[in-house]
Protein chains: 2
Amino acid sequence: MQMGEGVEWALHSCLNLAWAEADGAVSAAKLAAIFDLPPAYLNKQLQALVRAGILTSSSGPRGGFRLARDLADITVMDVVAAIEGPQEAFRCQEILRNGPTGRDGVDYREHCAISKTMRRAELAWRRELAARTLAELRDEVEAASPGSPGAYRRRFAELK
Amino acid sequence: MQMGEGVEWALHSCLNLAWAEADGAVSAAKLAAIFDLPPAYLNKQLQALVRAGILTSSSGPRGGFRLARDLADITVMDVVAAIEGPQEAFRCQEILRNGPTGRDGVDYREHCAISKTMRRAELAWRRELAARTLAELRDEVEAASPGSPGAYRRRFAELK
DNA sequence: GTCCAAGTACTCGGATATCGCCTGTCCGAGTCGTCATGG
DNA sequence: CCATGACGACTCGGACAGGCGATATCCGAGTACTTGGAC
């Protein structure tokens, strides 16, 4: 069970977009160059964020990606769901239905003790991620390393 | 990010083994027949449980699998780790190292705010699963449907 | 009747294919800036 | 000097390959039971 690496890229890119906000849209190529990522593939991930309403995109020169809303209104869970999809990690196949106690018309996702346990754990995971906004992440980074925003903006300017 | 279906099979099989405990070892073929699962593939998953010390196995006629310890000493997390492996779902690639603020000698798994957030969430997930023993699951099932143990044992006898 | 030994059926365990998803790349449609040209 | 139109460069977006892990299967090694025969 492994999470796609696009999640990490997307989260970092969102913070970068916030720091570069005043300078207008940022292309996928520049965002990729910052961390030495494959540009076309990062583009693909950012497209998912656009579909999820987290970013907006514009084509042509001076085009690129831009935050669709304030960082305070974006949770880590939003980004994870945008990249990984909304489905749960544990998918109950309801194999109990085939067992000796199986009955039709019973929703084993709700009644199977195993399924309930897995769902509860996953809910705890989702709750942690949903409780954390990107604004909090940004503030945490800036508190630990106040020079970060400037450093990233300078690097973006170099890539101009 | 999807969990292998072997996890569900393994958990149900452990409960079945507990109910059939007095009747001796149970072969992978019988355990698979209960839920209409591919026998050879279920066997592969059970092998992982053996390697993890959750089950013991014996070959030959009257052979099969058996619980290595009491259900109260097996957590759901144990089974998940045995099937899925011990590595975390989120793997920090430390892409910050390539950025303008990157430094050698820094462990970004510990210092990156994003990595810390993901790890915290995953820890909450693991904690939920580790807090739940298979004995609790068994008791929950038996409370909701007291006929289950007998039904499974009868089915196992039929498959003799 | 009892003991023994060979044969047989059954089981796990690992080696071997197949499939789908994650990863990665490429090209086309659209857009904006630029520059030459004419008034 | 200014307006205008065509050109060109740049960007996203989706269509198109490659690789790796999950899924599924098969066969060999080992074991315990069975069965036949000898004593």
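All values below come from the heavy atoms of this structure, side chains included, with hydrogens, waters and symmetry mates left out. Just so it is clear: chains get the letters A, B, ... in the order the sequence lines come, proteins before strands, and each one is counted from 1. The model shown is predicted, which means the values in this text are computed figures rather than measured ones.
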Salt bridge (Lys or Arg N to Asp or Glu O under 4.0 Å): which pairs involve residues 58-69 of chain B, sequence neighbours left out?
B/R69-B/D78
Nearest-Å distance, CD (B/Q2) to P (C/dC22)?
7 Å
Sugar-phosphate only, base, or nothing, as touched by A/R66 at under 4.0 Å among non-hydrogen atoms:
nothing
Partners passing ring pair (Phe, Tyr, Trp, His ring centres under 6.0 Å) against A/F90 (at least two apart in sequence or in another chain):
none
Indicate, with yes or no, if B/L123 and A/M1 share a hydrophobic cluster defined by side-chain heavy-atom contacts under 4.5 Å among Ile, Leu, Val, Met, Phe, Trp and Tyr.
no
Please list, for nucleotides 30-36 of chain D, all pairs of protein and nucleotide N/O atoms separated by less than 3.5 Å.
{"unit_1": "D/dG30", "atom_1": "N2", "unit_2": "B/G60", "atom_2": "N", "d": "3.4"}

Could you go over nucleotides 3-6 of chain D and give all protein N or O partners under 3.5 Å, atom names and distances?
none

How many whole angstroms separate atom CG of A/L159 from atom P of D/dT11?
11 Å
By ring pair (Phe, Tyr, Trp, His ring centres under 6.0 Å), B/F156 pairs with (sequence neighbours left out) none
What integer distance in Å separates B/E5:CD from C/dC21:P?
12 Å
Holding to side-chain hydrogen bond (donor to acceptor under 3.5 Å, both in side chains), I want the full list of residues that pass it with B/K30, two or more places apart in sequence or in another chain.
none
Tell me, please, which residues at least two apart from B/Y152 pass ring pair (Phe, Tyr, Trp, His ring centres under 6.0 Å).
B/W19
Contacts satisfying side chain to side chain donor-acceptor pair (under 3.5 Å) that involve residues 79-92 of chain B (not counting sequence neighbours) are none
Rounded distance in Å - CG (B/L55) to P (C/dC12):
11 Å
Tell me, which of residues 25-54 of chain B have any heavy atom that sits under 4.0 Å from an atom in DNA chain D?
B/P38, B/A40, B/Y41, B/K44
Between D/dA22 atom P and A/F90 atom CZ, what is the distance in whole Å?
16 Å
Do any pairs count as a salt bridge (Lys or Arg N to Asp or Glu O under 4.0 Å) and have a residue in residues 93-105 of chain A, sequence neighbours left out, and if so which ones?
A/E94-A/R97, A/E94-A/R109
Which of B/V76, B/L11, B/V7 passes side-chain contact (heavy atoms from CB on, under 4.5 Å) with A/I114? It is B/L11
The criterion is ring pair (Phe, Tyr, Trp, His ring centres under 6.0 Å); which residues satisfy it with B/F35, sequence neighbours excluded?
B/H12
Can you list the residues that meet the salt bridge (Lys or Arg N to Asp or Glu O under 4.0 Å) rule with A/E158, with sequence neighbours excluded?
none
Distance check needed: D/dA22 C1' versus A/Q93 CD, whole Å only.
13 Å
